[in-house]
There are 2 protein chains.
Amino acid sequence: MKNETPDCRTCSVRDVTPFEHCNRDQVLEVQFAKSCNFYKKGQFIFSENSLPIGLFCISSGHLKLVKYGSGGKEQILRIAKPGDFVGFRSLITRRRYNASAIAVSDAAVCLLPRKDFQHLLNTNHEFSAEIMQRVCELAEKTENKLTDIAYKPARGRIADALLLLSNADTELCQKDIQLSREELAGFTGTVKETAIRILSEFKRNNLIAIKKRKIEILDIGGLEQMSNQFD
Amino acid sequence: MKNETPDCRTCSVRDVTPFEHCNRDQVLEVQFAKSCNFYKKGQFIFSENSLPIGLFCISSGHLKLVKYGSGGKEQILRIAKPGDFVGFRSLITRRRYNASAIAVSDAAVCLLPRKDFQHLLNTNHEFSAEIMQRVCELAEKTENKLTDIAYKPARGRIADALLLLSNADTELCQKDIQLSREELAGFTGTVKETAIRILSEFKRNNLIAIKKRKIEILDIGGLEQMSNQFD
DNA sequence: CGGCTGATTGAGCTATGTCAAGGGCAGTGG
DNA sequence: CCACTGCCCTTGACATAGCTCAATCAGCCG
């Protein structure tokens with residue numbers, strides 16, 4: 001990956017962000033208002049309970065959005081991919097960050113300061129409608145995940161996670177987001193050991209293969225069955 | 001409760017809804033576009049997977065928003081109170097309802113048709129900003145609840161629920177929303193029997209009293225301690 | 001080679017779910 | 001007014017998924 005600071009005017013992810021609704025002048029404004037940072041795997045982009053400073057737009061790499069639950073266990077709320085916006089919701093609620101954002105791979109992330117974001121929100125209706133739409137979609141996903149964690153057994157949740165993480169975002173992602181076993185556990189609301197045991201079981205049943213810690217999906221249908229056998 | 005159809009112009013909950021940002025003419029438009037229905041406890045306002053038809057504004061009573069998880073268990077995502085809007089998010093995402101809304105007490109609910117809602121959203125910036133704010137706040141709450149369900153033990157979640165349901169909305173709610181034990185379980189992501197056992201335990205420890213199935217909180221501090229002892 | 005980090009496996013425990021049997025209260029109908 | 005019925009609530013006994021703790025293993029890097 002080249003460490004070139006992205007330019008909004010030519011940025012390849014712009015088309016999949018709400019910025020697609022910006023006209024030439026607005027893109028220019030964003031380009032000059034924003035700054036860009038490069039994060040190594042594991043670095044924090046922002047932390048739960050600190051004050052929001054602006055909108056983060058992921059140019060490359062992936063972030064995990066996490067909260068820490070009982071016993072300091074890390075709950076991964078979602079994985080954000082290139083083109084996703086993070087950290088702006090707290091600007092709208094005018095509260096501190098509700099979660100932390102951490103790079104799960106090396107990532108380039110641009111920061112549009114609060115005022116510029118809010119200006120756009122107030123003046124560009126298409127943009128704000130797009131933001132609204134995304135917030136709503138995300139809220140639905142979170143509700144679905146909540147219900148799964150509440151009542152679906154871990155086996156099904158792990159199967160879901162594997163399917164989601166592998167095929168989800170074929171457009172911009174390199175296919176496999178490399179999460180550690182512990183992260184996979186945090187993503188599915190369980191603990192490392194349980195996640196590992198279930199993976200081993202999937203391997204025994206030829207649903208997946210594991211090469212050098214990396215998980216490869218062999219039987220999508222089988223995993224889907226795993227996911228649904230508890231409905 | 002009188003079964004009088006509410007009039008937006010004089011409706012007592014208007015001030016706590018996003019309609020507060022509507023001018024006199026807009027309120028009038030809403031008043032003439034809307035219809036009102038009265039629901040008995042247990043009746044559906046709308047159902048998961050059906051097509052959204054408009055914005056529901058709760059005039060009186062409470063609704064539960066539920067999804068059905070593995071084994072048909074009912075997960076209560078949240079309780080909506082007078083002044084809350086429900087069912088509009090699916091208009092924005094242009095999908096089917098992600099959850100069902102059911103009256104937990106007798107309720108009066110007004111329906112503003114899709115087009116009128118969208119017109120307001122497009123033309124009244126303050127209104128749409130208020131909607132955005134609420135969606136974002138709700139999303140945060142859902143994320144918090146997700147993390148709790150994932151890693152906080154049932155005891156803590158029940159304590160949280162009791163605190164939330166009792167004091168939450170002192171403004172407009174009569175203090176106690178009467179949920180059945182099964183509903184309390186659905187709200188906290190557990191099953192009826194577990195909820196009951198934990199309640200009995202709380203009673204033994206004088207954290208709560210139970211009179212005729214109704215739960216009365218005796219020791220707020222004690223419950224808060226229950227909630228936090230697992231961090 | 002030694003030390004490190006993450007993955008894996010085992011053994012045991014516990015919280016929580018399941019199944020089954022009362023118990024109490026409210027409403028209904030005689 | 002009382003018996004009947006049905007709906008919750010409650011409790012007990014039991015099963016088990018998933019958590020904890022601890023030991024070992026497999027790459028990887030200096």
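Convention: sequence-line order gives letters A, B, ...; per-chain numbering from 1.
- As a whole-Å value, the separation of B:Lys192 NZ from D:dC8 P is 9 Å.
- In this structure, B:Phe202 places its CZ atom 17 Å from C1' of D:dT10, rounding to the nearest Å.
- Considering only residues two or more places apart in sequence or on other chains, A:Tyr151 meets the ring pair (Phe, Tyr, Trp, His ring centres under 6.0 Å) condition with none of them.
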Practice task
Starting at the 5' end of nucleotides 12-18 of chain D, put B wherever the base has a protein heavy atom under 4.0 Å, S where only the sugar-phosphate does, and a dash everywhere else.
Solution key: BB----S

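- Here the side chains of A:Lys64 and A:Leu179 are not in contact, with every heavy-atom distance at 4.5 Å or above.
- For the pair A:Lys73 (side chain) and A:Gly189 (backbone), a donor-acceptor distance under 3.5 Å is absent.
- The salt bridge (Lys or Arg N to Asp or Glu O under 4.0 Å) test applied to B:Arg96 returns no partner, not counting sequence neighbours.
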Handout entry: B/S/- contact track for nucleotides 23-30 of chain D, protein heavy atom under 4.0 Å
Key = -----S--

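- Not counting sequence neighbours, the partners of B:Arg95 by the salt bridge (Lys or Arg N to Asp or Glu O under 4.0 Å) test are A:Glu137, A:Glu140.
- With sequence neighbours left out, the side-chain contact (heavy atoms from CB on, under 4.5 Å) criterion links A:Asn37 to A:Tyr39.
- With rounding to whole Å, B:Ile208 atom CD1 is found 13 Å from D:dC9 atom C1'.
- The backbone N or O of A:His62 lies less than 3.5 Å from a partner atom in the side chain of A:Ser105, making a donor-acceptor pair.
- In this structure, B:Ile158 places its CD1 atom 13 Å from P of D:dC9, rounding to the nearest Å.
- Taking for each of A:Tyr151 and A:Glu182 the nucleotide of DNA chain C with the nearest heavy atom, the 5'-most of the two is the partner of A:Glu182.
- Taking the 5' to 3' direction, DNA chain C first and last meets chain B under 4.0 angstrom from a heavy atom at C:dT16 to C:dA26.
- Cation-pi geometry between A:Lys34 and A:Phe117 is not satisfied (NZ or CZ under 6.0 Å from the ring centre, within 45° of the ring normal).
- Two residues, B:Ala150 and B:Arg204, neighbour DNA chain D, and the one matched to the more 5' nucleotide by heavy-atom proximity is B:Arg204.
- Remark: nothing in residues 66-74 of chain B comes within less than 4.0 Å of DNA chain D through any heavy atom.
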When the side chains of residues 191-203 of chain A are checked against the rest of the protein, which donor-acceptor pairs come out under 3.5 Å, sequence neighbours left out?
residue	atom	partner	partner atom	Å
A:Ser200	OG	A:Ile196	O	3.0
A:Glu201	OE1	A:Arg155	NE	3.3
A:Glu201	OE1	A:Arg155	NH2	3.3
A:Glu201	OE2	A:Arg155	NE	2.8

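- Residue pairs meeting the salt bridge (charged side-chain N to carboxylate O under 4.0 Å, His left out) criterion with at least one member in residues 43-58 of chain A, sequence neighbours excluded: A:Glu48-A:Lys67.
- Nearest heavy-atom pair, A:Pro82 versus A:Val16, reported as atom, atom and distance to 0.1 Å: O-CG2, 4.4 Å.
- Residues forming a side-chain contact (heavy atoms from CB on, under 4.5 Å) with B:Asp219 (at least two apart in sequence, or on another chain): B:Leu207.
- Every residue two or more places apart in sequence or in another chain that forms a side-chain contact (heavy atoms from CB on, under 4.5 Å) with A:Ser180 is listed here: A:Glu182, A:Glu183.
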